[in-house]
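Below you'll find the structure, written out as structure tokens, and then a few comments.
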Amino acid sequence: MHEDQLFPAEPQVRAVARELYRHAKNLPLISPHGHVDPAILADDRPFPDPARLIVVPDHYVTRMLASQGIPPHRLGVPSLDGTPSETDGRTIWRLLAANWHLFRGTPSRLWTESVLADVFGVVTPLRADTADAVYDALCERLEDPAFRPRALFERFNIEVLATTESPLSDLTAHAKLEADGWGGPGGRVITTFRPDDVVEFDWPGWAERIERLGVGTYREYVDKLRARRETFIAAGATSSDHGHLTAAAEALPVDEAAALFDRALRGASEPGDAERFRAHMLVEFARMSVEDGLVMQLHPGAVRNHNVALHRRHGRDVGGDIPSPTEYVRALKPLLDELGTDPRFRIVLYTLDETAFTRELAPLAGGYPAVFLGAPWWFLDTPDGLRRFREAVTDSAGFYNTAGFVDDTRAFCSIPVRHDVARRVDAGFLARLVTEHRLPLDEAAETIADLAYHLPKRVYQRTLHDGATTR
Amino acid sequence: MHEDQLFPAEPQVRAVARELYRHAKNLPLISPHGHVDPAILADDRPFPDPARLIVVPDHYVTRMLASQGIPPHRLGVPSLDGTPSETDGRTIWRLLAANWHLFRGTPSRLWTESVLADVFGVVTPLRADTADAVYDALCERLEDPAFRPRALFERFNIEVLATTESPLSDLTAHAKLEADGWGGPGGRVITTFRPDDVVEFDWPGWAERIERLGVGTYREYVDKLRARRETFIAAGATSSDHGHLTAAAEALPVDEAAALFDRALRGASEPGDAERFRAHMLVEFARMSVEDGLVMQLHPGAVRNHNVALHRRHGRDVGGDIPSPTEYVRALKPLLDELGTDPRFRIVLYTLDETAFTRELAPLAGGYPAVFLGAPWWFLDTPDGLRRFREAVTDSAGFYNTAGFVDDTRAFCSIPVRHDVARRVDAGFLARLVTEHRLPLDEAAETIADLAYHLPKRVYQRTLHDGATTR
Amino acid sequence: MHEDQLFPAEPQVRAVARELYRHAKNLPLISPHGHVDPAILADDRPFPDPARLIVVPDHYVTRMLASQGIPPHRLGVPSLDGTPSETDGRTIWRLLAANWHLFRGTPSRLWTESVLADVFGVVTPLRADTADAVYDALCERLEDPAFRPRALFERFNIEVLATTESPLSDLTAHAKLEADGWGGPGGRVITTFRPDDVVEFDWPGWAERIERLGVGTYREYVDKLRARRETFIAAGATSSDHGHLTAAAEALPVDEAAALFDRALRGASEPGDAERFRAHMLVEFARMSVEDGLVMQLHPGAVRNHNVALHRRHGRDVGGDIPSPTEYVRALKPLLDELGTDPRFRIVLYTLDETAFTRELAPLAGGYPAVFLGAPWWFLDTPDGLRRFREAVTDSAGFYNTAGFVDDTRAFCSIPVRHDVARRVDAGFLARLVTEHRLPLDEAAETIADLAYHLPKRVYQRTLHDGATTR
């Protein structure tokens with residue numbers, strides 16, 4: 001990356017941004033939420049070819065190409081319906097290079113260029129006529145032990161990385177990491193408890209998963225989930241994560257929750273059951289948080305598998321989700337009524353709907369002790385999205401009700417650049433406050449270090465939230 | 001404040017902003033809507049200690065501290081439930097100072113620093129280790145007669161200040177002000193008619209308040225409110241104010257409105273009655289405006305007392321309200337169908353939902369003679385909120401369908417800085433138009449003076465709106 | 001226009017913007033959607049007086065004046081109710097000039113000043129005291145054959161201009177244009193198929209229009225519309241246009257659609273029928289697009305004739321429409337399920353609700369091959385609206401899922417300035433990317449030429465969308 005990348009062009013603001021960035025640049029990375037496969041670090045095997053590293057698993061990349069008529073199977077995305085997928089990495093890579101102009105102005109371009117240049121030292125610009133040269137250079141690096149996952153982890157200066165697992169996971173990879181001195185409570189690689197696949201009645205295979213959980217009644221189910229959380233905590237987890245369609249939260253009487261569960265298990269759910277059960281379980285998990293200390297993360301608002309053709313051919317999580325309008329103020333009220341001012345509870349709220357930032361989320365975070373604001377997420381995790389987030393929420397929530405940057409990525413090699421982008425954008429935002437005489441430089445410098453490192457560490461670990469001062 | 005505070009950093013834009021600001025800086029303040037207690041000016045007693053002046057009554061301040069685990073009773077906020085509240089001003093002040101970093105980047109910080117420095121001449125930066133020095137310096141000033149309310153009012157260069165009262169108010173303070181030559185029609189301190197507490201069925205004590213109004217039927221109620229408006233007008237009122245949950249307006253047949261009223265009085269309201277009656281009364285008050293000339297202000301969209309724990313302990317108006325999505329185009333249609341093009345009617349629309357600015361509010365104000373746009377309000381009354389307002393509404397509404405800045409504050413000492421912020425932000429916005437060759441400098445200079453002074457004076461007094469040119 | 005108009009003030013950014021703009025400035029104008037009366041070009045008669053050219057037909061202008069109490073009939077807008085309308089052009093022009101300050105900061109001001117100066121060479125600033133001089137100068141120009149429509153068309157460097165017609169139109173003007181070598185497929189002036197007036201049951205006169213179509217059953221109706229599309233294609237049409245209240249799309253069984261149609265024809269529609277039929281026909285027209293190749297444009301979200309007083313006196317399309325919140329993700333799903341990945345289908349989505357850009361529209365365009373994003377429209381077609389559009393959509397949709405600028409205007413003389421504004425704003429946006437080291441200058445230069453010329457040509461003509469690379 002150019003040393004001034006993403007800093008505002010105005011020379012005074014840029015100079016201040018540079019100065020502020022120096023205070024954050026080299027701080028260790030805290031990655032409290034993401035989707036890296038822990039086996040990558042547990043096994044520490046070389047990464048596969050460049051296409052399988054950078055194109056195939058990245059739905060940001062494959063969906064953009066799909067939007068211009070290049071179907072995912074031509075990019076190597078595995079199919080469920082028998083459509084043959086491209087297997088030659090070089091062919092896939094050439095398709096990317098020939099269509100690289102489609103990514104102009106997008107975060108994918110910026111991330112990928114940084115991965116090539118800063119992680120792999122490949123600075124040749126990607127174009128149709130350089131595709132092979134770049135591919136070959138990357139292949140060479142990937143054979144070098146210095147580019148294995150654990151070596152990169154050290155080079156990336158990651159202090160802690162949280163992966164995300166289902167309650168059904170046996171956490172094998174985390175056990176191996178712990179055995180190697182890399183995992184467990186306080187370790188470098190920890191897990192996160194994500195129970196959606198055993199909560200959502202209407203996801204295919206729910207009943208089978210409940211069977212795998214080994215429970216038959218609602219009470220057993222709740223007890224089992226409570227026990228799984230303890231196991232996750234033993235594997236280092238400090239938070240749970242919940243990816244619901246809406247932010248609805250509503251505690252049901254136990255009998256009613258049990259009835260919904262039973263109907264679902266019998267395959268006899270009625271319309272609205274899934275939504276009510278999900279809303280109920282959100283409160284139930286919040287109550288567990290009060291007991292076991294896991295910080296709750298809520299990621300609402302994605303309409304999953306919107307693109308049916310894509311879903312039919314390639315399954316979940318391949319770029320077919322679309323955001324939708326999301327309401328928080330009424331939806332979360334039952335949860336906040338019960339636990340919003342409880343010092344034992346903490347919830348980090350995310351959104352795909354930017355309109356909620358000034359209107360709902362910043363006022364909620366600036367009013368309830370339990371509420372923190374998560375970083376801009378998914379479609380919003382971009383230089384301009386990060387800037388708009390600060391512009392939108394700082395008035396009502398300040399900086400200290402936000403929770404620091406979260407990369408939320410599966411793309412291990414893109415972790416450093418994602419954090420670097422957030423630090424640069426915060427430097428630019430704070431530089432504007434400084435040059436507009438709204439914040440002294442020394443306080444801005446302290447703030448950027450807090451945003452980059454101290455805040456996420458504090459928020460996701462529930463230290464110091466004791467009613468005294470927070471610093 | 002630094003002389004360039006809030007001006008864009010780019011030197012040419014900043015130079016133009018400085019030049020434009022000179023045209024607005026010293027114009028008298030018009031404060032057509034706010035919540036200053038008129039007794040402060042009627043009695044002209046010294047302000048209490050710094051904590052009671054700056055912390056205790058300011059829900060922007062106490063909610064931010066509460067959001068980080070410092071409960072309001074530790075900040076001296078009176079409780080209803082017997083929880084002992086901190087009474088020592090210095091202790092409260094030290095808590096503020098020790099947590100001052102929480103306010104970085106917020107308008108509260110900017111306002112407070114200006115109050116300390118520009119109103120009280122205390123320029124020591126607020127920190128844990130300066131808390132006592134700042135407190136002592138403020139105490140000293142507060143004993144000086146030059147810092148009594150009326151002296152400050154003159155120093156602040158306020159031309160007119162509107163307070164806000166319930167129809168149940170006997171307007172004693174305003175009578176004293178009038179007797180002293182400070183109040184009455186055209187006076188320096190005037191009132192505003194705010195009938196919410198006798199309109200909202202579901203607010204506790206509604207029936208008792210109706211009894212205090214001395215009415216027993218819907219017709220008596222309407223007649224009484226009409227009469228109270230005349231009394232308010234005699235105390236200087238030029239506008240009414242309505243703080244509804246939504247912007248719904250719908251005229252009911254008299255019989256139906258009367259039936260709702262009767263049911264409520266008997267404690268037999270049905271679901272939806274309160275909402276329908278509120279929507280009906282908005283039209284009814286609009287009709288009264290046509291007769292008596294009060295400008296109607298509508299402030300919709302706050303979910304009141306969202307934070308139940310706070311409400312239970314401390315009551316209303318202590319920081320527990322949260323904005324919510326607000327629709328205007330369909331909600332207001334019945335009112336605009338009846339009165340939107342009536343030259344005798346004027347309504348100023350406010351919002352807590354910024355998304356309505358370009359989509360609904362600017363097009364309404366740029367289309368209906370009766371509609372003006374109120375300044376960014378509450379959570380949006382911030383440097384960036386004010387800037388986004390101009391960027392959002394000017395395209396469709398221009399400058400002359402906006403109503404000028406409204407401070408809407410209880411914090412008397414913060415009035416000058418709030419208006420100054422608005423003038424600075426308008427200077428920055430207009431400077432951009434000038435430097436982008438979209439508006440000549442001389443017209444920008446005329447515009448900023450109109451926004452700062454002439455427009456609010458004209459809009460809230462219903463002069464000149466006669467179908468001829470407006471200047 | 002000043003040579004730097006609309007470019008960001010910061011000198012480095014401005015220098016890059018200037019450089020980029022040079023790559024777009026002189027490219028021919030592609031106007032794939034608008035509302036110019038084709039008779040203007042078919043007849044090539046001199047324009048009427050300045051008021052009838054610039055004030056009377058422009059609802060942006062008349063609504064702003066109306067919002068400040070100058071009723072449209074005083075501005076020459078014809079009435080339906082017998083109210084006499086001003087007929088003297090000079091009187092109307094003087095009213096505009098005396099109130100010109102109302103347009104400060106609006107796009108109408110910018111467009112009008114460019115029309116006066118750049119099209120007609122009249123550079124006297126418009127003010128009350130210059131009204132007559134400007135009027136006289138314009139009148140003189142209008143008599144000059146060099147200012148006739150076809151001469152201006154050539155001077156404007158328009159390559160293709162699409163007008164918009166009802167299926168009921170006999171396309172006489174287009175026939176004359178074709179006879180003169182100006183029209184027909186691939187010609188300079190083409191038509192667009194806009195069937196709203198035969199789809200919307202609840203528009204007055206629907207049944208009469210169906211009679212004029214010469215059909216009596218739903219099947220005849222669909223066949224007739226299919227045939228009319230062929231006639232439109234023969235007159236050059238490359239797209240259809242649909243201006244619905246919502247984005248709802250839902251295919252009904254033929255029997256059900258036929259039943260709705262029959263009820264409407266009998267005047268026996270039930271509540272919801274119109275909405276369901278409109279949603280159904282959107283899918284039906286999309287299916288026709290697959291067969292005949294017309295690109296579908298969807299313009300949803302305007303509440304038509306919101307201002308009833310205006311509608312009663314002056315009818316449709318005189319400034320009484322207001323935007324409203326618009327949802328796309330769920331509304332369009334049935335259509336996208338059926339055709340969203342079909343390479344034979346293409347839909348260009350517009351909005352009046354900016355909140356949909358990041359949240360819904362950019363993700364849809366960045367995910368579905370069939371979806372492109374239309375330019376900011378109507379209330380959003382402004383310098384700041386165009387800038388916010390790029391800032392909002394580029395992250396998820398890039399540049400190549402957008403469809404280029406669309407002027408959508410009736411005001412023929414304002415076409416060049418509208419396109420020029422878009423090119424300048426894109427230059428400023430791209431210059432920011434360049435100076436923030438997010439895009440190299442050479443790629444930015446290629447991009448601006450694509451946005452200005454190559455993309456709209458490609459998108460509205462369905463060339464090259466074959467699953468291969470798009471460049």
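Chain A is the first sequence line, chain B the second, and so forth, proteins listed ahead of strands; every chain is numbered from 1. The figures here come from the full heavy-atom set of this structure, side chains too, leaving out hydrogens, waters and symmetry mates. Not measured: the values here are computed from a predicted model.
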With a 4.5 angstrom heavy-atom cut-off, which part of [X] approaches chain B: side chain, backbone, both or neither?
| X | result |
| --- | --- |
| Ala365(A) | backbone |
| Ala397(A) | backbone |
| Thr394(A) | both |
| Arg432(A) | side chain |
| Val13(A) | side chain |
| Glu436(A) | both |
| Leu364(A) | both |

Would you indicate whether the side-chain heavy atoms of [Y] and [X] approach each other to under 4.5 Å?
| X | Y | result |
| --- | --- | --- |
| Leu65(B) | Phe103(B) | yes |
| Ser85(B) | His73(B) | yes |
| Arg346(A) | Leu339(A) | no |
| His299(A) | Leu352(A) | no |

Do you see a donor-acceptor pair shorter than 3.5 Å between the side chains of [X] and [Y]?
| X | Y | result |
| --- | --- | --- |
| Arg418(B) | Thr409(B) | yes |
| Asp408(B) | Trp378(B) | no |
| Thr106(B) | Tyr60(B) | no |
| Thr382(B) | Asp384(B) | no |
| Gln68(B) | Asn401(A) | yes |

Side chain / backbone / both / neither for [X] at chain A, heavy atoms under 4.5 Å:
| X | result |
| --- | --- |
| Leu6(B) | both |
| Phe7(B) | backbone |
| Arg312(B) | neither |
| His306(B) | both |
| Arg424(B) | neither |

* Those residues of residues 353-363 of chain A, ordered by number, that approach chain B below 4.5 Å (heavy atom to heavy atom) ->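 The list, in residue order, reads Thr355(A), Thr358(A), Arg359(A), Glu360(A), Pro363(A).
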* **Between Pro8(B), Gly320(B), Gly385(B), Pro11(B), the one whose heavy-atom pairs under 4.5 Å with chain A are most numerous** =>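 The option with the most such pairs is Pro11(B).
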* What do the steps show when you test Tyr21(B) against Asp4(B) for side-chain hydrogen bond (donor to acceptor under 3.5 Å, both in side chains), and what is the final call? -> CA-CA 10 Å; Tyr21(B) 174 63; Asp4(B) 285 332; over 6 Å; no
* Asked: Nearest 0.5 Å, what's the CG-CG distance between Asp321(B) and Asn307(B)?
  ->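 Separation between the atoms: 9.5 Å.
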* So does Arg388(B) pair up with Glu391(A), basic N to acidic O under 4.0 Å? ->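 The answer is no: the pair does not qualify as a salt bridge.
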